[in-house]
Amino acid sequence: MAYVVAGETVPALVPIVRELRAAFERGGFEPASDETPPELVLNVVDREQPRPFRRRSRGTFVAALHLVDARPPDPLREGYPILVRALANVSLTYVPGEGVWFTTLERGSYLVSESDGPRALADAVVERLGPLARSRLVIENEFRPDLEPELWDGDKATASISEAGRRLDRLGLLPAPFPVEELVDERDLRHIKRLYGIGGLSYGNLSARKDATRFWMSASGVDKSKLERPGRDILLVSGYDDERGRIVLSVPPGVEPRRVSVDAIEHWKIYRDHTDVGAILHVHAWVEGVPATEVNYPCGTEELAQNVADLLAAEPDPAHAIIGLRNHGITATGASLEEILDRIAPKLLTQVPMA
């Protein structure tokens, strides 16, 4: 895999950038060239005016490295605006003497410590970046205007998704997204939506099985407490084109659909492997003592979907289980969304512990 270091020359970051270059080489990365364009970019930015690295494809993973003099009171709020303004996949906040705070698009934030010295820190950062950069996004949508007329106004499953979204709001489980429109201009906002395959920075998703091969799912970037129109806010996932990495959606004619949630590939794998799963809920909350993923793969990647599917398959009752996504949230399965919420609501911690 090829990498490149780009961006600003920030004098205080020169030593750690030098260590990271060496760590990339030790980790098996090679410098990018005209023949081997970068798949991983370390973009060094000035936190006051972070400049984006303009990637040519979604397959390029960008980490925005910036400096703060001391540990910020809230590392997430420090790193997230940099991530958005720099159009990055992950923000790396370097605090000299302490380490690097990772901040992800999914609002995960955790520290990689410098306690063992700069070289060990650089190796640990590269060790975490590698799997993320190598992961495969499955966020393309293919819309087919072939939804049966009797489903144009929805059914019991879409009604259950709408009600579950309202219930999540009443439970305080719909965290307010960062105001991305206030952080970037209109041109960059369009770029963000194209890169990440999202309609906005909204969190959590819901789905309910329609039949043996299809399921309804909430759209991306929509307020989950206002899932109103089937075919636009709630979409019928009817297939998966593995070769092209596309989620196939059946929509009614004459409706401009939103994109389906980027987690559709995860739900697809679960419904395919477990025919007794009737519904799936993903929220940015936590339940103590549940099995959890180890690597914070981005949402919408095959690797994250497979990690969750593997952990679910190992559970005694996969049809009624909770899987943790470390530094991210939980995915829960059940007979229905109502049953899932009845079962897990008393256990939920609204703050996801970071590790």
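Numbering of residues begins at 1 and proceeds along the displayed sequence. As the structure is a computational prediction, the values presented were derived from the model and not from experiment.
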Asks: Can you name the nearest heavy-atom pair linking C299 to V262, along with the distance?
Replies: CB-CG2, 3.7 Å

Asks: Counting C-beta onward and ignoring hydrogens, is there a side-chain heavy-atom pair between W152 and P253 closer than 4.5 Å?
Replies: yes

Asks: If hydrophobic clusters are built by linking Ile, Leu, Val, Met, Phe, Trp and Tyr wherever their side-chain heavy atoms come under 4.5 Å apart, do F143 and V255 end up in the same one?
Replies: no

Asks: M1 versus E30: any side-chain heavy-atom pair under 4.5 Å?
Replies: no

Asks: Got a sec, which residues hit ring pair (Phe, Tyr, Trp, His ring centres under 6.0 Å) with Y297, two or more places apart in sequence or on another chain?
Replies: none

Asks: Identify the two heavy atoms, one from G231 and one from L235, that lie closest to each other, and give their separation to 0.1 Å.
Replies: O-CD2, 3.4 Å

Asks: Test S207 against Y271 for side chain to side chain donor-acceptor pair (under 3.5 Å), laying out the working first.
Replies: CA-CA 10 Å; S207 71; Y271 285 121; 2.7 Å; yes

Asks: In chain order, what residues pass the side-chain hydrogen bond (donor to acceptor under 3.5 Å, both in side chains) check against T104, with sequence neighbours excluded?
Replies: E106

Asks: For residues Y94 and I82: do they belong to one hydrophobic cluster (side chain heavy atoms under 4.5 Å, members Ile, Leu, Val, Met, Phe, Trp, Tyr)?
Replies: no

Asks: Once you round to the nearest 0.5 Å, how far does CG of L111 lie from CD of E114?
Replies: 9.5 Å

Asks: Would you indicate whether the side-chain heavy atoms of T331 and I270 approach each other to under 4.5 Å?
Replies: yes

Asks: Can you name the closest pair of heavy atoms from D146 and S250 and give their distance?
Replies: OD1-OG, 2.8 Å

Asks: Would you compute the distance between atom CG of L76 and atom CG of D74 and round it to the nearest 0.5 angstrom?
Replies: 5.5 Å

Asks: Write down the atom of P230, the atom of L151, and the distance for their closest heavy-atom approach.
Replies: CB-O, 4.4 Å

Asks: Residues in side-chain hydrogen bond (donor to acceptor under 3.5 Å, both in side chains) with R244, at least two apart?
Replies: E142, D241

Asks: Apply salt bridge (Lys or Arg N to Asp or Glu O under 4.0 Å) to R214 and E148, showing your working.
Replies: CA-CA 13 Å; R214 302 182 297 174; E148 301 97 303; 3.0 Å; yes

Asks: Can you find a pair of side-chain heavy atoms, one from P291 and one from E315, that are under 4.5 Å apart?
Replies: yes

Asks: List, one per line, each side-chain donor-acceptor pair under 3.5 Å for residues 38-46, sequence neighbours excluded.
Replies:
from	atom 1	to	atom 2	distance (Å)
E39	OE1	A2	N	2.9
N43	ND2	R51	O	2.9
D46	OD1	E48	N	2.9

Asks: Is there any salt bridge (Lys or Arg N to Asp or Glu O under 4.0 Å) pair reaching into residues 329-353, and which pairs are they, with sequence neighbours excluded?
Replies: R167-D342, E339-R343

Asks: Would V248 and I234 show up in the same hydrophobic cluster when neighbours are defined by side-chain heavy atoms closer than 4.5 Å?
Replies: no

Asks: Show the nearest heavy-atom pair for residues R136 and E303, with the distance to one decimal.
Replies: N-OE1, 2.9 Å

Asks: Quick one: salt bridge (Lys or Arg N to Asp or Glu O under 4.0 Å) pairs with a partner in residues 279-290, sequence neighbours left out?
Replies: none

Asks: Classify the side-chain pair N205/D263 by whether it contains a donor and acceptor separated by less than 3.5 Å.
Replies: yes

Asks: Mind jotting down which residue pairs meet the ring pair (Phe, Tyr, Trp, His ring centres under 6.0 Å) criterion with at least one end in residues 316-338? Sequence neighbours excluded, please.
Replies: H282-H328, H284-H328

Asks: For the residue pair V308 and T293, establish whether any side-chain heavy-atom pair is separated by less than 4.5 Å.
Replies: yes

Asks: Quick check: does any side chain N or O of R259 sit under 3.5 Å from a backbone N or O of I139, one acting as donor and the other as acceptor?
Replies: yes

Asks: Determine whether the side chains of Y80 and S109 contain a donor N or O and an acceptor N or O closer than 3.5 Å.
Replies: no

Asks: Taking N89 for its side chain and V62 for its backbone only, find out whether a donor-acceptor pair lies under 3.5 Å.
Replies: yes

Asks: Considering non-hydrogen atoms only, spot the tightest contact between M217 and A264 and give its length.
Replies: SD-CA, 3.6 Å

Asks: Under the rule for side-chain hydrogen bond (donor to acceptor under 3.5 Å, both in side chains), what residues qualify as partners of S218, not counting sequence neighbours?
Replies: none

Asks: Checking the side chain of R55 only, and the main-chain atoms of T60 only, is there a donor and an acceptor separated by less than 3.5 Å?
Replies: yes

Asks: Considering the options D242, T301, I265, which one meets the side-chain contact (heavy atoms from CB on, under 4.5 Å) requirement together with V138?
Replies: I265

Asks: With rounding to the nearest 0.5 angstrom, report the CD1 to OG distance, I161 to S336.
Replies: 11.5 Å

Asks: Would a 4.5 Å heavy-atom cut-off, applied to side chains only, mark H267 and R272 as touching?
Replies: no

Asks: Is there a side-chain contact between L87 and R54 in this structure, where contact means two heavy atoms from C-beta onward sitting under 4.5 Å apart?
Replies: yes

Asks: Sequence neighbours left out, what passes side chain to side chain contact (heavy atoms under 4.5 Å, CB included) with A314? Give chain and number order.
Replies: none

Asks: OG/S91 to CZ/F102 distance, rounded to the nearest 0.5 angstrom?
Replies: 10.0 Å

Asks: I need the L236 CG to R144 CZ distance, nearest 0.5 Å.
Replies: 12.0 Å

Asks: Sort and list the pairs that fulfil salt bridge (Lys or Arg N to Asp or Glu O under 4.0 Å) and have at least one residue in residues 228-237, not counting sequence neighbours.
Replies: D233-R258

Asks: Out of curiosity, H274 NE2 to D317 CG, how far, rounded to the nearest 0.5 Å?
Replies: 10.0 Å

Asks: Just to verify, what does R134 make a side-chain hydrogen bond (donor to acceptor under 3.5 Å, both in side chains) with, not counting sequence neighbours?
Replies: none

Asks: Would a distance-only check, ignoring hydrogens and angles, find a side-chain to backbone donor-acceptor pair under 3.5 Å from D169 to K224?
Replies: no

Asks: For the residue pair T93 and H66, confirm or rule out a side-chain donor-acceptor distance under 3.5 Å.
Replies: yes

Asks: Linking I/L/V/M/F/W/Y whenever their side-chain heavy atoms sit closer than 4.5 Å, directly or via other members, would I340 and I322 fall into one cluster?
Replies: yes

Asks: Please confirm whether the backbone N or O of L83 pairs with a side-chain atom of T103, one donor and one acceptor, at under 3.5 Å?
Replies: no

Asks: When you measure from the side chain of W101 to the backbone N and O of V112, does any donor-acceptor pair fall under 3.5 Å?
Replies: no

Asks: Quick check: is Y240 connected to I280 through a chain of hydrophobic side chains (ILVMFWY, heavy atoms under 4.5 Å apart)?
Replies: yes

Asks: Output all residues satisfying ring pair (Phe, Tyr, Trp, His ring centres under 6.0 Å) with F29, sequence neighbours left out; order by chain, then residue number.
Replies: F24

Asks: So do L341 and L168 actually touch side chain to side chain, heavy atoms under 4.5 Å?
Replies: yes

Asks: Within the side chain of D155, is there an N or O that forms a donor-acceptor pair under 3.5 Å with the backbone of T158?
Replies: yes

